[in-house]
Asker: 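Sharing a structure, written as structure tokens. Questions coming.
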Amino acid sequence: MPSWQHITYSDEVTPEMYGKEVTVGGWAQEVRNLGGISFLQLRDSHGVVQVTLLKKRNKELFDLVASIPRESVLRVTGEAKQSKEARAGYEILPSKIDILSKAETPLPLGVVDKVGADLDTRLNNRFMDLRKDEVKAAFRIKSVTLQGIRQFLSSQGFTEVSTPKIVAAGAEGGATLFQVKYFDRNAYLAQSPQLYKQNLMATGLDRIFEIAPAFRAEASDTIRHIAEFTSLDVELAFIESSDDVMEVAEGIVINSLRHVREHAKPELKALGVEIGEPLTPFPRVKYADAVEMVRSRGMKLEPGEDLGTEGEKLLGDVMMEEKKADLYFITEFPTALKRSTFYAKRRDDDPELTGYFDLDYRGQEIVSGGQREHRYDVLTEQMRENNLSLESFEFYLKAFRYGMPPHGGFGFGVERYVQKMLNLPNIREAVLYPRDRSRLTP
RNA sequence: GCCCCGGUAGUGUAGCGGCCUAUCAUCCGAGCCUGUCGAGCUCGGGACUCGGGUCCGAAUCCCGACCGGGGCGCCA
């Protein structure tokens with residue numbers, strides 16, 4: 001125990017400590033007063049410890065505990081005693097109880113109440129909501145997921161970088177940009193590090209990744225959209241095709257899933273989630289074939305038309321039923337659907353197709369990327385197609401004129417990934433303090 | 001941006017023109033209870049989002065505002 005730790009956590013009390021004095025601390029989750037005996041359930045960050053009080057043994061402490069409002073913070077010192085009734089296998093017979101912080105009543109949101117609460121109410125009282133194990137668990141798993149991702153990418157020689165979040169121009173159109181005041185000018189919050197990570201491909205930092213917030217002013221009220229999300233962005237140079245990029249994306253998912261499976265067992269249990277071994281290699285479905293697959297299931301769709309949300313969901317069902325695959329790539333996106341993605345490389349043998357791909361997780365897109373166009377002339381031509389002003393992209397374009405290797409990469413939605421991994425009903429369950437069209441606090 | 005739906009105690013709900021002095025659970029308060037862990041029992045407390053309108057009468061119907069839920073489009 002480090003010298004700065006002053007309480008013993010509930011799961012740190014070992015049988016060797018039975019009969020000895022310990023000090024525990026936490027939130028008064030519940031008091032069951034049976035008259036002559038009462039039980040205080042004290043919750044700490046590791047679990048719940050039972051503090052047992054006998055009226056005839058210490059009436060003063062007994063009455064004190066009976067009067068403590070739920071969720072007050074207490075420090076309890078007493079003897080740890082083995083007990084077959086207490087769930088932890090032991091209980092504390094207190095000699096001293098300090099009320100470190102008294103909670104007001106009523107609570108804005110119950111922690112162990114037998115009634116549910118709307119997500120809105122929970123988010124308005126997020127600190128209280130996060131006292132619930134199953135709510136906290138998702139965020140511990142998110143942390144373990146990011147660990148797994150960093151571990152894998154580091155092992156593959158990737159350098160973690162940071163690019164600016166206050167920018168002068170976006171990667172795509174301006175509609176989804178948040179404007180901010182920047183001294184005496186206007187600036188925007190970055191919707192993607194796209195231009196910067198490509199810029200870095202001209203530096204010799206051949207493999208880079210960034211885990212950072214991305215801001216999108218999309219007026220989308222759905223269970224999979226938020227205005228501020230965590231984007232894992234990866235870019236690598238000297239690739240031969242989009243296949244190289246897909247392999248990296250696949251490696252990230254396989255390794256981070258394994259990492260979570262091995263390092264978040266209690267949290268997965270709290271959520272009632274089991275993560276199986278994904279089918280590998282992830283199946284690759286050509287976009288044109290994906291369209292045929294959903295058409296054969298009765299969906300009205302023209303060849304080459306956008307799958308749409310319905311098509312994506314349907315494809316997810318088909319992949320699950322026919323291949324038992326919950327993770328799969330949709331490849332060779334038609335150029336027609338990627339025109340606004342001006343930096344996407346079109347195939348030399350068929351300019352109507354790109355090497356762009358999505359990685360879908362049970363009918364939900366979580367990754368999108370592919371090989372970029374690294375030839376200056378072709379790139380600028382594709383930008384003109386989009387009526388982009390080349391001057392405002394000069395910092396980006398300049399890097400393509402002085403030696404830019406072929407490269408590719410992708411954007412990976414971390415919260416969407418966690419949402420699908422844990423079957424969370426709403427992406428907001430994977431963000432501590434979500435930002436959406438209407439929510440700016442807390 | 002478009003479409004659908006909803007706002008009733010701290011929390012989650014029932015009621016949908018008069019039976020509402022508004023249901024139930026949870027919660028809060030008082031009391032009983034020496035092994036509880038969805039503890040139990042008795043008694044008590046607490047609410048119709050706001051503003052207009054229709055009607056003899058509005059929680060209930062209509063209009064607007066505000067707040068929220070979901071779908072589509074777009075996307076991570």
Side-chain angles (χ1 to χ4, degrees), chain A residues 29-43 48-57 62 66-67 69-71 83-88 91 103-125 128-129 171-173 175-176 191-194 211-234 249 306-313 337-338 340-341 358-361 364-369 410-420 425-428 430-431 436-439:
Chain A
Q29 179 165 282
E30 208 171 8
V31 177
R32 294 182 196 288
N33 187 346
L34 277 66
I37 188 170
S38 75
F39 305 97
L40 160 69
Q41 311 294 340
L42 193 70
R43 183 188 66 249
V48 176
V49 57
Q50 175 160 286
V51 179
T52 302
L53 300 107
L54 287 166
K55 187 189 254 179
K56 68 177 185 190
R57 184 176 148 142
F62 188 92
S67 73
R70 295 194 304 165
E71 295 302 318
S83 159
K84 58 181 186 300
E85 282 93 0
R87 287 197 164 150
E91 60 194 1
E104 288 182 18
T105 61
L107 300 171
L109 178 70
V111 176
V112 290
D113 285 12
K114 296 160 197 78
V115 295
D118 290 343
L119 182 58
D120 188 52
T121 305
R122 292 172 42 213
L123 291 176
N124 284 338
N125 301 281
M128 190 65 76
D129 185 44
E172 274 113 313
T176 66
Q191 57 179 192
S192 157
Q194 184 63 33
I211 297 172
F215 306 92
R216 305 253 170 113
E218 286 165 346
S220 300
D221 277 325
T222 82
I223 55 169
R224 60 187 182 280
H225 285 90
I226 35 177
E228 178 180 3
F229 66 94
T230 308
S231 181
L232 161 65
D233 277 275
V234 172
D306 199 315
L307 277 175
T309 305
E310 190 192 344
E312 272 180 33
K313 287 176 181 167
L337 296 180
K338 290 288 175 189
S340 64
T341 309
D358 280 357
L359 173 58
D360 280 35
Y361 199 166
Q364 167 70 59
E365 172 189 350
I366 58 166
V367 179
S368 189
F410 54 84
F412 182 121
V414 173
E415 284 87 6
R416 281 192 179 175
Y417 180 44
V418 172
Q419 181 188 0
K420 295 306 279 190
N426 192 309
I427 195 168
R428 291 162 182 80
V431 185
D436 60 35
R437 177 139 69 146
S438 53
R439 181 174 290 280

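Convention: sequence-line order gives letters A, B, ...; per-chain numbering from 1.
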Asker: Any side-chain heavy atom of A:Ile366 sitting closer than 4.5 Å to one from A:Asp360?
Answerer: no
Asker: Nearest to the side chain of A:Asp120, which nucleotide is it out of B:G35, B:G12, B:G69?
Answerer: B:G69
Asker: Under a 3.5 Å cut-off for both contacts, is B:A58 paired Watson-Crick or G-U wobble with anything, and if yes, with which nucleotide?
Answerer: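 WC or wobble partner does not exist here.
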Asker: Does the structure show a Watson-Crick or G-U wobble partner for B:C41, both distances under 3.5 Å? Name it, or say none.
Answerer: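 Looking at the geometry, B:C41 pairs with B:G31.
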Asker: Side chain of A:Glu312, heavy atoms from C-beta onward: which of B:C33, B:C75, B:G35 has the nearest atom to it?
Answerer: B:C75
Asker: Please check the phosphate of B:G73 (OP1 and OP2 only) for any side-chain N or O of A:Thr309 closer than 4.0 Å.
Answerer: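 For B:G73, OP1 or OP2 has a side-chain N or O of A:Thr309 closer than 4.0 Å.
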Asker: Taking atom P in both B:C5 and B:A9, what distance in whole Å separates the two?
Answerer: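 The answer is 23 Å between these two P atoms.
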Asker: If you assign each of A:Gln364 and A:Glu30 to its closest nucleotide in RNA chain B, which residue comes earlier from the 5' end?
Answerer: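 The answer here is A:Glu30.
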Asker: Quick one: label A:Asn33 by what it contacts on the DNA or RNA (base, sugar-phosphate, nothing), any heavy atom closer than 4.0 Å.
Answerer: base
Asker: Nearest to the A:Glu218 side chain among B:C37, B:C75, B:G10, which nucleotide is it?
Answerer: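 Between B:C37, B:C75, B:G10, the one nearest the side chain of A:Glu218 would be B:C75.
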Asker: Would you mind telling me which of B:G12, B:C72, B:C33 lies closest to the side-chain atoms of A:Thr222?
Answerer: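 Nucleotide nearest to A:Thr222's side chain: B:C72.
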Asker: Could you tell me if the side chain of A:Thr52 sits less than 4.5 Å from the side chain of A:Ile37, heavy atoms only?
Answerer: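 Counting from C-beta outward, A:Ile37 and A:Thr52 do come under 4.5 Å.
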Asker: For B:G12 versus B:C27, give the span between their C1' atoms, rounded off to a whole number of Å.
Answerer: 11 Å
Asker: Verify the stacking flag for A:Phe39 against B:G35: centroid separation must be under 5.5 angstrom and the ring planes must differ by under 30 degrees.
Answerer: no
Asker: Counting C-beta onward and ignoring hydrogens, is there a side-chain heavy-atom pair between A:Pro69 and A:Glu104 closer than 4.5 Å?
Answerer: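 Heavy-atom side-chain distance check fails, nothing below 4.5 Å.
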Asker: Can you tell me if A:Thr121 touches the phosphate of B:G12, counting only side-chain N or O atoms and a distance under 4.0 Å to OP1 or OP2?
Answerer: yes
Asker: OP1 or OP2 of B:C28 versus the side-chain N and O atoms of A:Arg70: is any pair under 4.0 Å?
Answerer: yes
Asker: Select base, sugar-phosphate, or nothing to describe what A:Ala86 touches, counting heavy atoms under 4.0 Å on all strands.
Answerer: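 Base contact.
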Asker: Could you please name the option among B:A76, B:G35, B:C27 that lies closest to any side-chain atom of A:Gln50?
Answerer: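 Side chain of A:Gln50 sits closest to B:G35.
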Asker: Taking 4.0 Å as the cut-off, does a side-chain nitrogen or oxygen of A:Arg224 come that near to OP1 or OP2 on B:C72?
Answerer: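 Yes, such a contact exists.
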Asker: Please state whether the phosphate of B:U34, meaning OP1 or OP2, lies under 4.0 angstrom from any side-chain nitrogen or oxygen of A:Lys56.
Answerer: no
Asker: To the nearest 0.5 Å, how far apart are CG in A:Asp358 and CD in A:Glu312?
Answerer: 6.5 Å
Asker: Rounded to the nearest angstrom, tell me the gap between atom CG in A:Asp118 and atom C1' in B:G10.
Answerer: 14 Å
Asker: Scan A:Gly110 against the nucleic acid and name what it touches under 4.0 Å (heavy atoms): base, sugar-phosphate only, or nothing.
Answerer: nothing
Asker: Could you pick out which residue, A:Asp358 or A:Lys84, lies toward the 5' side of RNA chain B when each is mapped onto its nearest nucleotide?
Answerer: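 Whichever sits nearer the 5' end wins; that is A:Lys84.
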Asker: Please give the distance between the P atoms of B:C19 and B:U60 as a whole number of Å.
Answerer: 13 Å
Asker: Once you apply the 3.5 Å cut-off to both distances, tell me the Watson-Crick or G-U wobble partner of B:G68, or none.
Answerer: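 WC or wobble partner is B:C5.
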Asker: Measure from the side-chain heavy atoms of A:Arg437 and tell me the nearest of B:G1, B:G38, B:U11.
Answerer: B:G1
Asker: At under 4.0 Å between heavy atoms, what does A:Leu54 touch on the DNA or RNA strands: base, sugar-phosphate, or nothing?
Answerer: base
Asker: Salt bridge (Lys or Arg N to Asp or Glu O under 4.0 Å) between A:Arg70 and A:Asp113: does it pass, once the steps are laid out?
Answerer: CA-CA 11 Å; A:Arg70 295 194 304 165; A:Asp113 285 12; 3.0 Å; yes
Asker: Determine the contact category for A:Val367: base if any of its heavy atoms lies under 4.0 Å from a base atom, sugar-phosphate if only primed atoms, P, OP1 or OP2 are that close, otherwise nothing.
Answerer: sugar-phosphate
Asker: Between A:Arg43 and A:Glu71, is there a salt bridge with N-O shorter than 4.0 Å?
Answerer: yes
Asker: Name the nucleic acid region contacted by A:Gly35, choosing base, sugar-phosphate or nothing; use a 4.0 angstrom heavy-atom cut-off, strictly under.
Answerer: base
Asker: What integer distance in Å separates A:Leu34:CG from B:C33:P?
Answerer: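 So the two atoms are 11 Å apart, to the nearest Å.
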Asker: Given B:U11, B:G70, B:A76, which nucleotide is nearest the side-chain atoms of A:Ala117?
Answerer: B:U11
Asker: Would you please confirm or rule out a distance under 4.0 Å between OP1 or OP2 of B:G71 and any side-chain N or O of A:Lys313?
Answerer: no
Asker: Both distances below 3.5 Å, Watson-Crick or wobble geometry, any strand: find the nucleotide opposite B:G46.
Answerer: none
Asker: Say you pick atom P in B:A22 and the same atom in B:C32; how far apart are they, in whole Å?
Answerer: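 Each nucleotide's P atom is 30 Å from the other's.
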Asker: Parallel, tilted or perpendicular: which fits the ring planes of A:Phe412 and A:Tyr417, with parallel below 30° and perpendicular above 60°?
Answerer: perpendicular
Asker: Taking only the C1' atom of each, what is the distance from B:A30 to B:G35 in whole angstrom?
Answerer: 24 Å
Asker: Can you identify which nucleotide, out of B:C74, B:A76, B:G10, has its nearest atom closest to the A:Asp306 side chain?
Answerer: B:C74
Asker: Can you find a pair of side-chain heavy atoms, one from A:Glu91 and one from A:Val51, that are under 4.5 Å apart?
Answerer: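 No - every pair of side-chain heavy atoms lies 4.5 Å or more apart.
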Asker: Name the nucleic acid region contacted by A:Glu91, choosing base, sugar-phosphate or nothing; use a 4.0 angstrom heavy-atom cut-off, strictly under.
Answerer: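 Base, at least one base heavy atom under 4.0 Å.
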Asker: Considering only atom P, compute the distance from B:A59 to B:A76 and round it to an integer number of Å.
Answerer: 50 Å
Asker: Looking only at side-chain atoms of A:Val115, point me to the closest of B:U26, B:U36, B:U34.
Answerer: B:U26
Asker: How far, in whole Å, is B:U49 from B:A58 if one measures between their C1' atoms?
Answerer: 16 Å
Asker: Regarding B:G73, can its base be found pairing with the side chain of A:Ser220 as donor and acceptor, where the two atoms are less than 3.5 Å apart?
Answerer: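 Pair found.
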Asker: Look at A:Asn426 and B:G70 and indicate whether a side-chain polar atom (N or O) is within less than 4.0 Å of OP1 or OP2.
Answerer: yes
Asker: Rounding to an integer number of angstrom, what distance separates B:G57 and B:U42 when you compare their P atoms?
Answerer: 43 Å
Asker: Considering every strand and a 4.0 Å limit on heavy-atom distances, what is the contact class for A:Leu119: base, sugar-phosphate, or nothing?
Answerer: nothing
Asker: Below 4.5 Å, heavy atoms only, C-beta onward: do A:Leu109 and A:Asp129 meet side chain to side chain?
Answerer: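 Yes, side chains in contact.
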Asker: By the 4.0 Å heavy-atom rule, please label A:Ser38 as base, sugar-phosphate, or nothing.
Answerer: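 Here A:Ser38 touches no strand at all.
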